[in-house]
Q: 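Before I ask anything, here is the structure I am working with.
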Amino acid sequence: MSEQTVSSRNAAWREQLRKSVSTKERTSIPRVHMHELDPLVRSHNNEEVNMGLTLEEALLEAKRCLDCPNPTCISGCPVGIDIPGFIKRIENNELLEAASILKRTSALPAVCGRVCPQEKQCEASCIYTQKLGKEAVAIGYLERFAADYERHSGKLSVPVCAPSNGIKVAVVGSGPAGLSFAGEMAKKGYRVTVFEALHEIGGVLKYGIPAFRLPNDVIDVEIENIKKMGVEMITNCIVGKTISYEDLKNEGYEGLFVGSGAGLPRFMNIPGENLIGVMSSNEYLTRINLMGASRGGDTPVLTGQHVAVIGGGNTAMDAVRTARRLGAQRAMIVYRRSEQEMPARIEEIKHAKEEGIEFLTLHNPIEYEGDESGRVKRMRLQKMMLGEPDASGRRSPVEIPGAVETIDVDAVIVSIGVSPNPLIPSSINGLSVSKWGTLVVDDHLQTSIPAIYAGGDIVRGGATVILAMGDGRKAAAAMDDYLRSKKNQKN
Amino acid sequence: MNKILKKAFFSSNVVYFEVEAPLIARARKAGHFVLVKVGESGERIPLTIAAADITKGSISLVVQRVGVSSAKLCALNEGDYITDLVGPLGKATHIEKYGTVVCAGGGVGVAPLLPIVEAMKNAGNRVITILAARTKDLVILEEQMRANSDEVIIMTDDGSYGKKGVVTVGIEEVLLREKVDMCVTVGPAVMMKYVALLTKKYNVPTMASLNTIMVDGTGMCGACRVTVGGKTKFVCIDGPEFDAHQVDFDEMQMRLGSYKPLEQKAMEEYLAQTGSR
């Protein structure tokens with residue numbers, strides 16, 4: 001826990017606030033429920049499903065937080081947000097203050113409040129979950145509330161940045177890892193330039209996560225805020241292709257952070273996988289989310305009446321719920337294990353079910369069949385049962401001999417994970433790359449080239465927005481140390 | 001935003017552009033491609049770089065007007081800006097001194113073939129270039145090809161220029177005449193398929209440069225996947241050039257048609273909106 005966190009807890013107003021309501025009263029308040037758009041309505045539009053809390057609800061929920069002397073929730077947060085700090089500001093109705101505390105550690109609070117798996121992180125470490133056997137304080141909802149309040153207030157605060165130290169650093173990729181790194185380095189006084197390969201800033205937040213879960217204007221406001229901190233962002237520029245690492249060094253960049261993200265979509269290598277209408281979730285979601293396919297953009301997308309999405313992660317849920325929104329009568333998840341082993345957030349699974357998504361768990365595709373034009377028309381599914389736990393600790397799926405089912409489909413979206421983007425590892429000489437194609441880094445996220453740090457999916461292979469952001473923050477601290485000590489050696 | 005410095009019509013449906021792109025001009029090599037997007041809600045389409053001028057800081061692209069996105073690009077004029085342009089992408093052509101190299105291009109595939117012809121010639125190869133087109137008016141870049149080739153053979157389907165016949169007729173003529181060490185082919189999938197079948201018969205190693213559907217072009221979407229030697233490959237990352245004898249051209253041709261009905265509908269709407277252009 002940081003000194004700032006401790007000292008803010010000892011502030012007089014905070015002590016008073018703690019004493020103003022008894023613990024018994026605080027713990028007797030039931031957890032707030034998120035307002036959601038009606039499933040029948042939302043499954044036909046692209047509006048955000050979660051509608052946020054009202055002020056009254058947020059104030060009441062904030063009261064539930066006990067402002068623990070040892071706030072375990074903070075250790076559950078990959079970026080170490082001062083959780084009781086911001087929640088107590090909400091309880092005290094100082095909402096802009098609450099938002100500014102969030103921004104001290106998170107470059108994208110309105111994003112995190114929406115897409116973080118809080119139930120596995122801060123909320124899992126909350127005293128309500130740990131000791132009281134009750135539902136955790138709704139930390140994620142409150143984070144979103146504070147960030148949204150600030151955005152709508154028109155009084156967006158820009159984090160205070162140290163005076164410029166004149167040192168230039170470059171960032172590859174403008175997804176959560178890169179943006180978080182850029183924001184942190186700007187705060188430390190560095191001159192930061194972000195290079196993005198696509199035509200828009202935001203990475204997976206833009207091309208991957210659909211608007212019904214994360215509206216674009218929410219992302220854009222947070223990106224604008226990072227720009228206001230002095231971060232320069234260049235689109236349509238691929239480090240390693242358009243400009244080389246040598247070019248960057250020649251232009252005076254002293255450090256490079258690689259947050260180039262996940263690349264190559266994985267396929268199962270089963271017959272018929274290259275038929276028309278079989279595509280990766282990356283392709284499907286990019287066409288729709290980034291390119292505006294089916295919503296006025298020039299980019300086409302293949303939609304269907306019977307759409308199967310292969311996989312059980314958050315991206316699979318995003319894809320299947322998108323298919324439903326684009327008019328699929330039958331939109332189904334095909335997953336080889338049972339629902340219990342699904343990596344998707346419980347909330348996503350719940351939302352999907354409410355929207356009429358079918359769950360074919362314990363089914364695994366073994367073949368796709370096409371019509372004469374090559375368009376997929378049927379899939380053959382092998383039925384599975386659960387066997388012994390595997391390396392991941394989850395019970396592994398085992399084929400039930402002879403149990404094969406055939407289902408009509410006109411679009412199949414394969415969402416079984418990605419391999420790291422090979423562009424950077426293959427274009428900078430001297431970078432250590434693992435056998436999975438991820439960049440090899442030490443505990444400080446430093447690569448085999450001392451001036452290059454890396455984080456997010458290019459290191460992890462495939463993780464979450466918040467873990468990528470945590471990496472960006474950690475790498476910024478480490479690169480700052482490295483560049484400072486290098487400067488000192490010179491002097 | 002990249003400014004169009006020069007525009008010329010190779011034929012009514014084939015446009016030549018010189019576009020300001022200093023970083024790409026400097027970084028590109030033979031075989032590289034770019035992704036182009038016209039308008040805020042435009043589509044990203046891959047185009048192979050036909051030439052580059054480092055001093056002018058420009059690259060050249062040859063575009064065939066087939067659908068809405070290429071039509072929007074072809075409607076741009078000198079002084080206009082291309083909204084988004086990114087590259088150079090893909091692996092560069094493997095260039096070495098093979099001996100005698102046959103470079104066979106068809107349609108607008110001739111444009112991306114030009115830098116390969118130049119590089120093969122510069123590497124000390126004897127270069128025989130075969131250009132195929134439906135008719136005389138569609139033969140492009142002949143002069144530039146002649147400047148970089150030891151011999152140029154022109155084939156037209158209707159015999160209106162050069163020799164009458166398809167590209168394989170021209171290639172076979174050379175194969176029967178002399179020893180060829182390498183063949184490079186760029187053009188429509190069907191054309192490359194028959195080139196590959198022919199050169200396989202004569203045991204001449206052959207490279208084909210593939211132009212498939214792409215969205216991001218950086219290895220993320222997998223729309224460009226093709227089967228090469230029984231394995232799925234991504235054209236944007238693993239290619240665009242592959243051993244032509246290993247490529248499943250039938251599958252490639254099928255996948256190129258993925259959006260045909262949607263594209264035709266969009267084109268009809270576009271034409272209705274823009275008049276009879």
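Since this is a predicted model, take the numbers as computed values, not measurements.
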Q: B:R26 versus chain A, heavy atoms under 4.5 Å apart: side chain, backbone, both or neither?
A: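 Contact with chain A involves the side chain of B:R26 alone.
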
Q: Which bit of A:V278 comes within less than 4.5 Å of chain B, counting heavy atoms only: side chain, backbone, both or neither?
A: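 The answer is both parts of A:V278.
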
Q: For B:A266, is it the side chain, the backbone, both, or neither that has a heavy atom closer than 4.5 Å to a heavy atom of chain A?
A: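 It is neither, since no heavy atom gets under 4.5 Å.
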
Q: Tell me, for A:E200 versus chain B, whether the close heavy atoms (under 4.5 Å) come from the side chain, the backbone, both or neither.
A: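 Neither part; nothing is under 4.5 Å.
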
Q: Of the backbone (N, CA, C, O) and the side chain (C-beta and beyond), which part of A:S373 lies under 4.5 Å from a heavy atom of chain B, both, or neither?
A: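 The answer is the backbone of A:S373.
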
Q: Look only at the side chain of A:T242 and the backbone of B:G87, and say whether a donor-acceptor pair between them is shorter than 3.5 Å.
A: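 Present.
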
Q: Report which part of A:Y207 has an atom under 4.5 Å of a heavy atom belonging to chain B: side chain, backbone, both, or neither.
A: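 Contact with chain B is through the side chain of A:Y207 alone.
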
Q: Name the member of B:R44, B:E263, B:E251 that forms the most heavy-atom pairs with chain A at distances under 4.5 Å.
A: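 It is B:R44.
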
Q: Measure from the side-chain N and O atoms of A:K241 to the backbone N and O of B:V86, and report whether any donor-acceptor pair falls under 3.5 Å.
A: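 Not at all, since once roles are kept as given, no pair shorter than 3.5 Å links the two residues.
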
Q: Side chain, backbone, both or neither: which part of B:L23 has a non-hydrogen atom closer than 4.5 Å to chain A?
A: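 It is both, since atoms from each part get that close.
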
Q: Assess the residue pair B:V215 and A:R287 against the criterion (side-chain contact (heavy atoms from CB on, under 4.5 Å)); give the C-alpha distance rounded to whole Å, side-chain angles, the decisive distance to 0.1 Å, and a yes or no.
A: CA-CA 7 Å; B:V215 184; A:R287 282 178 183 276; 3.6 Å; yes

Q: Counting only heavy atoms not in B:N77, do more than 12 sit closer than 6.0 Å to its CG atom?
A: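 Yes, CG of B:N77 has more than 12 neighbouring heavy atoms, counting only those of other groups under 6.0 Å.
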
Q: Kindly give the heavy-atom pair with the smallest separation between A:P265 and B:G219, and that separation in Å.
A: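 Closest approach of A:P265 to B:G219: CD-O, 3.7 Å.
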
Q: Which one of B:V226, B:L262, B:T218 has the most heavy-atom pairs closer than 4.5 Å to chain A?
A: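 Of B:V226, B:L262, B:T218, B:T218 has the most heavy-atom pairs under 4.5 Å with chain A.
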
Q: Looking only at atom types and distance, does a side-chain atom of A:S280 sit under 3.5 Å from a main-chain N or O of B:C221, one as donor and one as acceptor?
A: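 A pair under 3.5 Å: yes.
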
Q: With chain B as the partner, which of A:I238, A:L302, A:L275, A:I243 has the greatest number of non-hydrogen pairs under 4.5 Å?
A: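 Looking at each option in turn, the highest pair count goes to A:L302.
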
Q: Contact part of B:K72 toward chain A, heavy-atom cut-off under 4.5 Å: side chain, backbone, both or neither?
A: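 B:K72 touches chain A through side-chain heavy atoms alone.
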
Q: If I measure from the heavy atoms of chain A, does B:S69 come under 4.5 Å with its side chain, its backbone, both, or neither?
A: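 The answer is the side chain of B:S69.
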
Q: Quick one, A:I276 and B:M254 - any side-chain contact, counting heavy atoms below 4.5 Å?
A: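 Answer yes - side chains close enough.
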
Q: Within the distance-only criterion (no hydrogens, no angle test), does the side chain of A:N236 pair as donor or acceptor with the backbone N or O of B:D84 below 3.5 angstrom?
A: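 No; zero donor-acceptor contacts below 3.5 Å.
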
Q: Distance from A:D298 atom CG to B:E43 atom CD, nearest 0.5 Å?
A: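 Answer rounded to 0.5 Å: 7.0 Å.
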
Q: Between A:V301, A:L285, A:T235, which has the largest tally of heavy atom pairs under 4.5 Å with chain B?
A: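 Going by pairs under 4.5 Å, I would pick A:V301.
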
Q: Side chain, backbone, both or neither: which part of B:L256 has an atom under 4.5 Å from a heavy atom of chain A?
A: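 Answer is neither: B:L256 stays 4.5 Å or more from chain A.
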
Q: Does any backbone or side-chain atom of A:A262 lie under 4.5 Å from a heavy atom of chain B? Answer side chain, backbone, both or neither.
A: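 For A:A262, the contact with chain B is made by the backbone alone.
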
Q: Indicate yes or no: at least one non-hydrogen side-chain atom of B:F234 is less than 4.5 angstrom from one of A:P422.
A: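 Not in contact.
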
Q: Once you round to the nearest 0.5 Å, how far does CG of A:L198 lie from NZ of B:K37?
A: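 Interatomic distance, A:L198 CG to B:K37 NZ, rounded to 0.5 Å: 10.5 Å.
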
Q: Heavy-atom count around A:K227 NZ within 6.0 Å, excluding the residue itself: above 12?
A: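 Yes, the 6.0 Å shell around NZ holds more than 12 heavy atoms from other groups.
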
Q: Can you establish whether the number of heavy atoms outside B:K200 located under 6.0 Å from its atom NZ is more than 12?
A: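 Not more than 12 within 6.0 Å, no.
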
Q: At a heavy-atom separation under 4.5 Å, does A:V414 approach chain B through its side chain, its backbone, both, or neither?
A: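 For A:V414, neither part sits under 4.5 Å from chain B.
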
Q: With no hydrogens and no angle check, just 3.5 Å: does a side-chain donor-acceptor pair link B:D216 and A:T286?
A: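 No, because no side-chain N or O of B:D216 sits under 3.5 Å from a partner of the opposite role on A:T286.
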
Q: Can you check side-chain contact (heavy atoms from CB on, under 4.5 Å) on A:E283 and B:M220, steps first, answer last?
A: CA-CA 7 Å; A:E283 176 180 352; B:M220 210 177 72; over 6 Å; no

Q: Within the side chain of B:R255, is there an N or O that forms a donor-acceptor pair under 3.5 Å with the backbone of A:N274?
A: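 Answer holds: yes.
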
Q: Heavy-atom pairs under 4.5 Å with chain A - which of B:V68, B:L85, B:I24 has more of them than the others?
A: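 The answer is B:L85.
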
Q: Would one find more than 12 heavy atoms of other residues, nucleotides or ligands at under 6.0 Å from atom CZ of A:F267?
A: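 Yes, CZ of A:F267 has more than 12 neighbouring heavy atoms, counting only those of other groups under 6.0 Å.
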
